Undergrad: 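Quick one: this structure, given as C-alpha cells, is what I'll be asking you about.
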Amino acid sequence: MTGQQVVDVVVPAALRFLLPGRDRSAGMRRLRFDPDATVGHVVQAAGVPLTEVGGLRLDGVPTDPRARTSPGSRIEVTEAARPESPPGGGFVLDVGLGALARRMRLLGLDVAWRNDADDPDLVARAVAEDRVLLTQDRRLLMRRALPRGALVRGSRPDDQLADVLDRFSLDLAPLTRCTACGGVLDPVPKEEVAHLLEAATRRTYDEFVRCRACRRVYWHGAHARRIRTLIEHARMFSPPAGAGEPNRS
Ligand SMILES: [Zn+2]
C-alpha cells in the first residue's frame with residue numbers, strides 16, 4: 001500500500017489489546033483507504049468497537065464517526081471515559097457471562113441474563129428495556145442496532161466484576177436482587193419460610209427475604225462475607241490494559 005492509499009488508526013495504550021498482535025507495540029493499524037468508509041467504519045475495521053471509544057480526531061481535528069476519511073488520513077482514538085452512567089434499564093449480559101451476572105445481582109444490580117439468548121435476542125432486549133449490553137464478543141458490540149454496550153475486560157469473573165464497577169458509576173444495594181433470576185427480593189416473616197429451612201439455618205437467622213419472581217428464600221448471613229470480598233477485590237482492581245478478551249490472543 002502506498003502512503004496516499006491508506007488510512008492510519010492510532011489507539012491509546014489501554015485499547016492496544018484490540019489490535020492484531022503485530023500492531024500492538026506501535027499502537028497503530030494501517031488500513032487501505034476506502035472512499036465509502038466512515039471514520040466509525042474504519043475504527044471498527046481496525047478492531048476497536050465504538051463502544052470503547054471516547055473521542056475521535058481526524059487529521060488532528062475532533063470529528064464524529066460519520067465523517068469521511070481521505071487518502072492518507074490519520075484517525076486518533078481515545079478511550080471511553082470512566083466511569084459512565086448506565087442507562088435506566090440496567091444491564092443485559094452475554095451468554096458466557098453467567099458468573100458475572102450472579103455477582104452483579106448479588107450487589108443489587110438489575111441484570112438480565114439467559115443461557116440461551118442469541119445475538120439478535122441480546123440486542124433486542126438492550127433496545128426494548130434500555131439496558132447496556134455487556135459482552136466479551138467485540139463483533140456483537142459492532143452491531144449497528146445496539147444502543148449501548150461495553151466490552152468486559154478480564155477472564156476471571158471477579159476481575160470482570162471489578163472492570164464493570166470501574167467502568168460504570170453504580171449504586172450498589174447488596175441482597176436486594178435474586179442471584180438466580182434477577183428478581184426483586186422482599187422481606188418475608190420467618191414463620192412463612194421456616195418449613196423451607198434447614199434446622200441450623202432456622203436456629204441461626206431471623207431475617208429473610210424472598211424473590212418476587214422465583215420465590216427463592218435468602219438470609220443475610222449466607223452472603224455477607226462473599227459480598228465484602230467481592231467489593232474489596234473490586235476496589236483493589238485496575239482494568240488490565242493488555243489482558244483483554246479471553247477469546248482473542
Ligand atoms: Zn428469583
Side-chain angles (χ1 to χ4, degrees), residues 85-137 140 146-150 152 154-165 167-234:
S85 298
F91 299 88
V92 54
L93 268 56
D94 201 354
V95 172
L97 296 176
L100 174 62
R102 282 191 295 279
R103 283 162 173 76
M104 291 176 69
R105 287 169 174 170
L106 192 59
L107 299 179
L109 299 169
D110 184 350
V111 171
W113 177 81
R114 297 167 53 119
N115 65 2
D116 60 353
D118 61 17
D119 289 358
D121 291 340
L122 291 165
V123 173
R125 189 141 191 203
V127 172
E129 299 178 5
D130 192 26
R131 295 177 184 271
V132 58
L133 173 63
L134 302 185
T135 178
Q136 296 199 308
D137 174 0
L140 181 51
L146 182 68
R148 290 279 304 269
V152 176
S155 52
R156 298 187 317 135
D158 286 354
D159 289 339
Q160 295 165 354
L161 177 67
D163 181 46
V164 170
L165 297 181
R167 176 147 185 175
F168 296 95
S169 55
L170 299 168
D171 294 324
L172 304 183
L175 278 179
T176 58
R177 292 264 176 191
C178 175
T179 55
C181 80
V184 173
L185 300 178
D186 294 318
V188 58
K190 186 174 182 176
E191 56 269 23
E192 270 188 43
V193 296
H195 65 287
L196 302 171
L197 307 172
E198 291 181 16
T201 306
R202 201 159 49 225
R203 275 197 306 275
T204 312
Y205 300 105
D206 291 313
E207 290 179 27
F208 297 86
V209 287
R210 185 167 55 194
C211 176
R212 242 178 244 182
C214 78
R215 313 301 283 171
R216 272 183 180 75
V217 173
Y218 296 84
W219 52 97
H220 283 238
H223 286 311
R225 195 188 315 147
R226 177 89 185 106
I227 291 167
R228 262 201 313 278
T229 307
L230 281 177
I231 293 176
E232 279 165 16
H233 180 88

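Keep in mind that what you see is a predicted model, and the values were worked out from it rather than measured. Atoms within each ligand, like the ligands themselves, are counted from 1 in listed order.
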Undergrad: Got a donor-acceptor contact below 3.5 angstrom from the Arg105 side chain to the Thr179 backbone?
TA: yes

Undergrad: Hey, is CD on Glu192 packed in by over 12 heavy atoms from elsewhere, all under 6.0 Å?
TA: yes

Undergrad: Taking the side chain from Arg131 and the backbone from Val92, do they hold a donor-acceptor pair closer than 3.5 Å?
TA: no

Undergrad: Tell me, which pairs form a ring-ring contact (aromatic ring centres under 6.0 Å, His included) where one or both residues lie in residues 167-195, sequence neighbours left out?
TA: Phe91-Phe168

Undergrad: With 2.8 Å as the limit, jot down which protein N, O or S atoms are around the Zn ion (ligand 1).
TA: Cys178 SG, Cys181 SG, Cys211 SG, Cys214 SG

Undergrad: Nearest 0.5 angstrom please: Arg212 CZ to Leu185 CG, how far?
TA: 9.0 Å

Undergrad: Please answer whether the main-chain N or O of Gly154 pairs with a side-chain N or O of Gln136 as donor and acceptor at a distance below 3.5 Å.
TA: yes

